[in-house]
Amino acid sequence: MATQSNTQRVFNFSAGPAVLPMSVLEQAQAELICLPGAGASVLEISHRGAAFIEIMNSAVARLRDLLGISDEFEVLLLQGGSRLQFSMTAINLAPGAAAPPDYVITGTWGKKALEEAQKVCAPRVVWDGKPHNYSEAPDWSSLELNPQAAYAYITSNETIQGVQLPTDLDSPAPLVCDSSSDFLSRPVPMDKYGLLYACAQKNAGPAGVTVVIIRKDLMGRAPSDTPGYLDYRNHAEAESMYNTPPTFAIYLLDLVCKWLQQDVGGLANIERQNIDKANQVYTVIDESDGFYQGHAEKSCRSMMNATFRMANEQLDKQFIAEAREQGLDGLKGHRSVGGVRVSMYNAMPLEGISTLCQFMRDFMNRNG
Ligand SMILES: Cc1ncc(COP(=O)(O)O)c(C=O)c1O
């Protein structure tokens with residue numbers, strides 16, 4: 001059995017913070033002591049200086065290029081994680097609308113977003129997957145969304161349950177999307193969205209920076225007594241320098257975007273790779289004759305987080321422990337649902353997936 005030395009890298013299937021591209025880590029390592037041209041580490045320089053402003057502008061320009069974001073939108077780089085966006089979306093977009101927002105709840109994170117919105121307004125739940133333990137996605141045509149609603153809210157990928165919305169919703173109200181765990185994993189038709197946000201620590205970089213892409217006409221609605229940090233307009237006016245931005249996280253976000261542009265060749269290419277990787281894992285599950293029981297319905301299985309369990313908790317635990325010994329780490333399901341979760345974000349190499357699939361087949365042969 002392979003044993004890991006304490007400096008040997010494993011295949012890291014963590015749900016986030018998650019695996020980063022090796023070339024990004026290597027460049028960051030090479031530049032850590034002295035950022036070329038800056039005479040100091042990126043950790044040490046002023047966010048107002050030319051070197052950092054160039055990094056900030058580059059990160060935003062790369063995001064615009066990758067996602068095809070038009071001038072109709074602002075791209076903000078904020079702090080507070082996606083959790084803060086649960087509140088900021090409602091605080092900024094609900095006031096003054098003819099009707100409260102509509103929420104589609106496909107898992108734990110949508111539910112948490114709803115709870116925060118309830119502190120600010122009276123959101124309407126138009127679909128809730130709770131009766132089937134958040135294993136399904138709604139049929140969009142069955143939803144009765146209110147065109148007058150402040151916004152319609154969705155979570156494109158529920159990281160804990162492994163439920164991903166299979167198609168983009170055509171919403172009559174501005175569409176707000178928590179895209180934290182499938183951001184930059186595929187091209188997105190931005191014209192369907194009013195606001196899309198993602199914390200970086202899955203596909204886009206380390207924890208500490210949250211990307212908010214917001215249609216400009218949706219800003220300026222927050223009440224005048226809104227705390228300054230919580231008003232999107234302040235961040236847009238200050239070009240994401242309303243307070244000291246998370247400089248190192250933004251530097252890494254820029255490098256990850258560069259990797260996606262130059263090494264991967266864009267989001268259509270990474271989507272193809274992600275479909276291929278996910279198919280490999282789901283094929284093992286589907287061919288296991290019930291040994292591996294997937295959580296999500298096939299029609300909405302996540303390309304990013306595959307969730308499954310075995311016949312009993314003991315077997316799940318054994319699977320996770322033996323996998324770790326083989327250098328396959330981070331596979332424990334979220335504490336609220338148990339089982340196994342395979343997070344296979346953009347930077348998970350194909351080799352990691354094939355090693356995992358081989359382990360899954362071996363484990364089943366030994367224990368099935
Ligand atoms: C879909 C989704 N939304 C929100 C969050 C919360 O993000 P943060 O911890 O950055 O606030 C997560 C974290 O895993 C997530 O997966």
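Here the structure is a predicted model, which is why all the values come from computation and not from measurement. Below, each value reflects all heavy atoms present in this structure, side chains not excepted, and no hydrogens, waters or symmetry copies. Just so you know, ligand 1 is whichever comes first in the structure, and atom 1 is the first atom listed for that ligand.
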Pairing residues for Arg48 by the side-chain hydrogen bond (donor to acceptor under 3.5 Å, both in side chains) criterion, not counting sequence neighbours:
none
Residues Lys119, Glu116: salt bridge by 4.0 Å N-O rule:
yes
Acceptor/donor pairs from residues 142-152 side chains to any protein atom, 3.5 angstrom cut, sequence neighbours excluded:
unit_1, atom_1, unit_2, atom_2, d
Ser142, OG, Asp139, O, 2.7
Asn146, OD1, Gln148, N, 2.8
Tyr151, OH, Tyr103, OH, 2.7

Check residues 330-338 and write down every donor-acceptor pair under 3.5 Å in which the side-chain atom is one partner and the other belongs to a residue at least two apart or another chain.
unit_1, atom_1, unit_2, atom_2, d
His334, ND1, Ser336, N, 3.0
His334, ND1, Ser336, OG, 2.7

Leu184 and Val211, any side-chain heavy atoms less than 4.5 Å apart
no
Check ligand 1 against the protein and report each N/O to N/O distance under 3.5 Å, formatted as atom name, atom name, distance.
unit_1, atom_1, unit_2, atom_2, d
ligand 1, 3 (N), Asp178, OD2, 2.6
ligand 1, 10 (O), Ser82, N, 3.1
ligand 1, 10 (O), Gln201, NE2, 3.0
ligand 1, 11 (O), Ser82, N, 3.1
ligand 1, 11 (O), Arg83, N, 2.8
ligand 1, 14 (O), Lys202, NZ, 2.8
ligand 1, 16 (O), Trp109, NE1, 3.3
ligand 1, 16 (O), Thr159, OG1, 2.4

Taking the six-membered ring for Trp and the full ring for Phe, Tyr or His, determine whether the centres of Tyr242 and His235 are under 6.0 Å apart.
yes
